[in-house]
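Let me begin by presenting the structure, written as structure tokens, before commenting on it.
A, B, ... follow the sequence lines: proteins, then strands. Residue 1 opens every chain.
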Protein chains: 2
Amino acid sequence: MELDRKNWAILEALQQDARLTLTELARRVALSVPAVTERVKRLEEAGVITGYHADVAPQQVGYGLSALIGINCAQPYKNRLLDTLRAAPEVLECCHVTGSDSYIIKVVTRDTRHLEAFIGRINHFGETRTSIVLSVPIPPRAIQPCTPDGT
Amino acid sequence: MELDRKNWAILEALQQDARLTLTELARRVALSVPAVTERVKRLEEAGVITGYHADVAPQQVGYGLSALIGINCAQPYKNRLLDTLRAAPEVLECCHVTGSDSYIIKVVTRDTRHLEAFIGRINHFGETRTSIVLSVPIPPRAIQPCTPDGT
DNA sequence: ATTGAAATAAACGGTAA
DNA sequence: TTACCGTTTATTTCAAT
């Protein structure tokens, strides 16, 4: 799909605030409401925009501890591991990756005791390596236009 | 802040679709529009809801490769590393963590060449360990109510 | 409940292939 | 001319007072 300057302006605005009204969005990108509505619809249908999500602060809802867990899991166990992860409310995200870990899992837990219990439930699938999140110096931020090349 | 069943229903709905109108949200959680409006405002002010963001698919906008990079960086270099990361459009998120890595960085690049160039710009700050993302079996998902204890 | 704002849908006009 | 965007207008829905 073609991403001209206007489309990038729309993406930038909606990544920053997904609850913008179409009217306000139209004003910001200097288009009419129907034009911007049509563009947003196309971006959604083309799979460029995959969803709109409210961010909830884990700390504020009882999860005092976040962690990234790498796990090295042998092929025959992978499906059962994923089933376990999908069923665990502590798991916020899971990536299949190259390198010494098979998967990297983002989890939230109440405290260290809860984290220990969670790890206990998965470490028979493989060796785990846990990195507790101390802070997030760069919180999730917007994807920017890809420069043609170079940098 | 108190999170009763209604508030969790609101959080669940807005995590799933941040662009719900207040009218539709009210209908789903079985409250009046003013009541739900007030609750959302309180959740925002209490820092429970920290923002609303559109998700953009990196693959669809020219970033063919995602990676998680761990870097072990000595204390005196940390600030300069963070400045570099903040200035890099490839960096989507960065966590300060415990363990063998100091930081874990989520990046998007056009291709392996671009990834190599990015690593080249940061690996003088410390030793890097790159995990290329093959797939995301569990995409980012909603935070659920914290069970009192146990599990 | 009332008022103003915003979203949806339809018809019209300009521009480029 | 055809095909494609964008604009304008009118109607319905939504949100704040």
Side-chain angles (χ1 to χ4, degrees), chain A residues 1-57 60-61 140-149, chain B residues 1-63 110 139-145:
Chain A
M1 162 157 202
E2 192 215 340
L3 290 170
D4 59 11
R5 183 168 299 233
K6 296 281 191 195
N7 277 341
W8 270 111
I10 290 169
L11 291 179
E12 186 181 353
L14 287 178
Q15 286 185 94
Q16 204 261 328
D17 180 6
R19 281 184 73 77
L20 283 177
T21 63
L22 291 172
T23 301
E24 175 60 18
L25 184 58
R27 195 191 61 74
R28 293 201 193 178
V29 305
L31 282 173
S32 69
V33 172
V36 89
T37 304
E38 181 62 23
R39 279 171 178 262
V40 170
K41 208 179 90 191
R42 283 173 182 280
L43 288 167
E44 290 169 355
E45 285 168 355
V48 175
I49 296 175
T50 57
Y52 304 93
H53 304 286
D55 275 18
V56 172
Q60 301 295 318
V61 298
R141 62 182 186 182
I143 293 187
Q144 294 171 40
C146 208
T147 58
D149 190 53
Chain B
M1 164 158 199
E2 193 214 338
L3 290 171
D4 59 11
R5 182 167 301 234
K6 294 285 190 193
N7 276 341
W8 270 111
I10 290 169
L11 290 180
E12 186 180 355
L14 287 178
Q15 286 184 95
Q16 205 260 326
D17 181 4
R19 282 183 72 77
L20 284 177
T21 63
L22 292 172
T23 302
E24 175 60 18
L25 184 57
R27 194 191 62 74
R28 293 201 193 178
V29 304
L31 284 172
S32 70
V33 172
V36 87
T37 304
E38 182 61 22
R39 278 173 178 262
V40 170
K41 208 179 90 188
R42 283 174 182 280
L43 289 167
E44 289 169 353
E45 284 168 355
V48 175
I49 297 174
T50 57
Y52 304 93
H53 304 286
D55 275 18
V56 172
Q59 308 267 0
Q60 302 294 319
V61 298
Y63 294 104
R110 283 184 300 277
R141 61 183 189 182
I143 292 187
Q144 294 173 39

May I ask you to test the B/T50-A/Q60 pair for a side-chain heavy-atom distance under 4.5 Å? no

Looking at side-chain heavy atoms only, is the closest gap between A/V36 and A/K6 below 4.5 Å? no

Would you please test A/E12 and A/V29 for side chain to side chain contact (heavy atoms under 4.5 Å, CB included) and show each step? CA-CA 10 Å; A/E12 186 181 353; A/V29 305; over 6 Å; no

Measure the CG-CD1 distance between A/L3 and A/I10 for me, rounded to the nearest 0.5 Å. 10.0 Å

With the threshold set at under 4.0 Å for non-hydrogen atoms, list the residues of residues 38-51 of chain A touching DNA chain D in residue-number order. A/R39, A/R42

Mark yes or no for whether B/R110, through its side chain, and A/T147, through its backbone, hold a donor-acceptor pair below 3.5 Å. yes

Would you say the side chain of A/N7 lies within less than 4.5 Å of the side chain of A/V48, judging by non-hydrogen atoms? no

The test is salt bridge (charged side-chain N to carboxylate O under 4.0 Å, His left out); show your working for B/E45 and B/R42 and say whether it passes. CA-CA 5 Å; B/E45 284 168 355; B/R42 283 174 182 280; over 6 Å; no

Counting neighbours of CD on B/Q16 that are heavy atoms of other residues, nucleotides or ligands and sit closer than 6.0 Å, is the number greater than 12? no

Is any side-chain heavy atom of B/I143 closer than 4.5 Å to a side-chain heavy atom of B/Q15? yes

Quick test of your reading of the model: are A/R27 and A/E24 salt-bridged, counting only N-O distances below 4.0 Å? yes

First and last nucleotide of DNA chain D, 5' to 3', lying under 4.0 Å from heavy atoms of chain B: D/dC14 to D/dA16

In residues 6-31 of chain A, which residues come under 4.0 Å of DNA chain C by heavy atom? A/T21, A/L22, A/T23

